[in-house]
Participant: 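One structure is given below, represented as structure tokens, and several questions about it will come after.
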Amino acid sequence: MKFEEIKERAAKAKQDGQEIIVVLGLGFVGTAVVANLARTMAKAKRMFFVVGLDRDDAPGREKVARLDAGRAPTYANDPSLETVIGAAVKEPRNAIGTTDPRVISLADVVISCINLDLVREPGQTEVLDCPTAGYAVAMKMVGEHMQPGTLVTVESTLPLGCSDRVLYPALCEGQKKRGVDVVEDPPMLAYCYERVMPGPDYLDSVNNFWRAFAGIDKRSSDRAEAFLAKYVNVEKFPLWRHKTIRAAEMGKLLENSYRATNIAFIEEWAMMAERVGVDLFDVVRSIRLRKGTHDNMMFPGLGVGGYCLTKDALLAAFGAQKLLGVEAELPVSRRAILTNERMPLRAVEAIEKHFEGGLAGKRAALIGVTYRPGVADTRSSPSEIVARELVKRGVEVRAYDPLIELWEEFPEIAMSKDAASALTGADIVVICLPDAHYKNYLPDLLKQKLARGSIVVDAWSLITDALGAHCAENGIKLVVYGRGDVPAMKA
Ligand SMILES: NC(=O)c1ccc[n+]([C@@H]2O[C@H](COP(=O)([O-])OP(=O)(O)OC[C@H]3O[C@@H](n4cnc5c(N)ncnc54)[C@H](O)[C@@H]3O)[C@@H](O)[C@H]2O)c1
């Protein structure tokens with residue numbers, strides 16, 4: 001939408017008592033933030049007029065066009081996103097999209113949800129890069145356009161030290177370029193990391209959840225606290241105010257590293273269980289009964305995917321070393337990243353071992369390609385690692401996932417319309433995810449479809465005793481992550 005029109009509508013929204021919020025970046029996080037703010041009400045009135053701002057490139061323009069048409073700019077399988085955005089855009093028209101950065105000059109608050117990637121070669125965690133300079137350019141641009149008194153909050157996950165060493169100086173630089181005396185009138189910056197949980201409660205997880213934050217100074221912290229309290233359900237989920245902005249950065253990184261490390265830890269035990277003939281799922285289930293200390297122990301799986309758990313521990317290491325100039329050994333966290341990265345390769349190794357003569361010309365079916373069950377996000381999914389390794393070895397790969405029609409990261413892979421067509425004629429099956437759509441009927445379907453000599457790698461222990469017995473009797477190799485008790489195939 002054109003700047004002049006947005007300006008006019010924002011002025012009217014101001015008269016109606018709404019705050020003007022610019023959300024920078026309309027990806028997975030930005031989409032949920034726009035929808036959540038647009039639906040926020042107080043005394044039967046919408047509180048915010050929300051402008052979604054993305055880059056002026058083809059993907060950015062497409063997201064903006066979707067928002068303007070009342071659609072979620074980024075697809076996530078929470079239907080309420082579409083409903084809420086559709087309703088806001090149509091009437092009361094308090095959400096719009098643009099690629100024109102001049103809208104920042106209208107904002108009371110700018111929320112940055114842009115991506116900040118970690119760059120590294122797989123198989124090592126020592127040589128790391130993170131394009132913080134690109135984020136600084138975005139912050140400088142915000143500083144160049146925003147009015148003094150605007151609050152800038154950042155929801156992106158940041159390397160340690162990024163807020164005070166990179167983003168704040170860039171924001172100040174932008175303000176200075178605009179002629180603002182930043183000593184007299186310093187800009188306000190807060191870090192309010194996002195905990196949005198991909199899945200069917202995506203939207204609700206923005207405001208019906210514990211939120212933590214800190215500002216660059218007391219004034220920024222106070223302002224951020226007041227702003228968050230307007231849309232977070234603080235009665236049920238009181239805000240957590242960190243002592244410093246760096247502590248808030250560490251909060252997000254530690255939270256995700258803790259989870260990634262727990263997953264790697266159980267992977268060690270999965271391999272042990274397979275070797276010594278034990279069903280680790282059974283063992284973990286019994287341990288999880290110890291409420292309070294052990295009830296969130298992980299189960300084995302194909303690996304760790306998604307945009308966050310695969311990088312966040314390394315963002316801490318990168319920031320400490322490169323931005324703050326201190327040692328950042330983090331040996332357990334780094335080891336966990338490498339262990340997790342290897343998890344999907346175990347499936348490929350098992351398949352190679354089964355077909356001793358090589359894999360060229362075989363047909364594989366991958367069941368589940370997103371990084372998490374019930375989440376329509378394929379970024380860094382472990383299934384992609386399996387698919388790429390199999391294709392490299394000459395395997396024809398097909399895949400089925402009820403949430404995915406086109407595999408964006410790997411469009412060459414044919415997506416089947418249902419599990420049965422994916423499995424037809426397959427010599428290799430990898431059960432990559434335990435999606436509720438198919439987990440109950442898949443064992444029976446496998447029984448019907450699999451031929452002698454084929455192999456099933458089940459990363460989630462979906463197999464039933466009946467399927468295990470069928471495979472053993474009919475010369476079908478069955479490998480189950482974390483299960484050393486699977487009946488051996490009869491010769
Ligand atoms: N996906 C999640 O579930 C999740 C959860 C918590 C935190 N995070 C963090 O939030 C951040 C964003 O993640 P995401 O998954 O939404 O990423 P994403 O890649 O889906 O979206 C980023 C968006 O920002 C836009 N963008 C990039 N640079 C821009 C610029 N200079 N100006 C305007 N727009 C720009 C991109 O075009 C894209 O639309 C990351 O730091 C991520 O680690 C993500």
Side-chain angles (χ1 to χ4, degrees), residues 22-35 51-67 72-78 81 97-104 110-118 130-145 152-159 162-163 167 170 174 191-199 201-203 205-206 209-212 248-249 251-253 255-257 259-260 305-316 318-319 370-372 374-381 408-409:
V22 170
V23 177
L24 190 63
L26 295 173
F28 285 88
V29 170
T31 293
V33 169
V34 166
V51 185
L53 171 63
D54 211 295
R55 275 196 288 231
D56 194 5
D57 57 13
R61 285 192 291 271
E62 195 183 318
K63 285 174 190 156
V64 163
R66 284 174 68 89
L67 177 55
T74 295
Y75 173 76
N77 61 307
D78 174 353
L81 275 179
T98 184
T99 56
D100 190 333
R102 287 180 294 168
V103 291
I104 293 169
V110 175
I111 304 181
S112 179
C113 305
I114 69 181
N115 51 307
L116 181 53
D117 303 336
L118 182 97
C130 176
T132 53
Y135 212 123
V137 171
M139 275 297 121
K140 187 172 168 217
M141 182 266 292
V142 171
E144 278 171 22
H145 288 283
V152 179
T153 73
V154 173
E155 301 218 351
S156 317
T157 306
L158 300 176
C162 192
S163 302
L167 304 191
Y191 184 53
C192 311
Y193 62 82
E194 187 50 72
R195 279 173 164 156
V196 64
M197 269 314 286
D201 297 325
Y202 205 47
L203 182 52
S205 69
V206 174
F209 206 58
W210 309 101
R211 296 295 302 262
E249 290 171 346
K252 176 67 183 173
L253 299 173
E255 183 170 302
N256 278 351
S257 307
R259 200 166 162 78
Y307 183 47
C308 299
L309 297 197
T310 45
K311 69 170 169 48
D312 287 355
L314 299 177
L315 280 183
F318 172 87
T370 65
Y371 83 88
R372 234 182 106 135
V375 173
D377 183 351
T378 45
R379 290 179 296 175
S380 305
S381 99
E408 272 184 35
E409 289 76 11

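First listed ligand is number 1; within each ligand, the first listed atom is number 1.
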Participant: Can you give me the closest heavy-atom contact between Met141 and Pro101, atom names plus distance?
Facilitator: SD-CB, 3.5 Å
Participant: Between Arg195 and ligand 1, which part of the residue brings a heavy atom under 4.0 Å of the ligand: side chain, backbone, both or neither?
Facilitator: neither
Participant: I need the contact type for Lys63 against ligand 1. Using non-hydrogen atoms and a strict under-4.0 Å cut-off, is it side chain, backbone, both or neither?
Facilitator: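 Lys63 to ligand 1: side-chain contact only, backbone stays beyond 4.0 Å.
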Participant: Please list the nearest protein heavy atom to atom 12 (C) of ligand 1 with its residue and the distance rounded to 0.1 Å.
Facilitator: Cys113 O, 3.4 Å
Participant: Measuring from the heavy atoms of Arg379, does anything fall under 4.0 Å of ligand 1?
Facilitator: yes
Participant: Only heavy atoms of Lys311, strictly under 4.0 Å: list the atoms of ligand 1 that pass.
Facilitator: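 So the answer, numbered in order with elements, is 43 (O).
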Participant: Can you tell which part of Pro198 has a heavy atom less than 4.0 Å from ligand 1: side chain, backbone, both or neither?
Facilitator: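 Within the 4.0 Å criterion, Pro198 contacts ligand 1 through side-chain atoms alone.
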Participant: So if I apply the side-chain contact (heavy atoms from CB on, under 4.5 Å) rule between Val152 and each of Ile111, Leu24, Val142, which one comes out positive?
Facilitator: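 Between Val152 and the candidates, side-chain contact (heavy atoms from CB on, under 4.5 Å) is satisfied uniquely by Val142.
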Participant: Kindly state each residue pair satisfying salt bridge (charged side-chain N to carboxylate O under 4.0 Å, His left out) with at least one member in residues 25-34, sequence neighbours excluded.
Facilitator: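 Output for this query is empty, none listed.
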Participant: Could you tell me which non-hydrogen atom of Val154 sits nearest to which non-hydrogen atom of Tyr135, and how far apart they are?
Facilitator: CG1-OH, 3.6 Å
Participant: Return the set of residues passing side chain to side chain contact (heavy atoms under 4.5 Å, CB included) with Tyr75 (not counting sequence neighbours), or none when no residue passes.
Facilitator: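 Residues passing side chain to side chain contact (heavy atoms under 4.5 Å, CB included) with Tyr75: Asn77, Ala376.
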Participant: Look at the side chain of Asp56 and the backbone N and O of Thr99, then say whether any donor-acceptor pair between them is shorter than 3.5 Å.
Facilitator: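 Side chain of Asp56 to backbone of Thr99: no pair is present.
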Participant: Between Lys252 and ligand 1, find which residue part has any heavy-atom pair under 4.0 Å and reply side chain, backbone, both or neither.
Facilitator: side chain
Participant: Looking at ligand 1, would Cys308 count as a contact under a 4.0 Å heavy-atom criterion?
Facilitator: yes
Participant: So is Leu24 in contact with ligand 1, going by heavy-atom distances below 4.0 Å?
Facilitator: yes
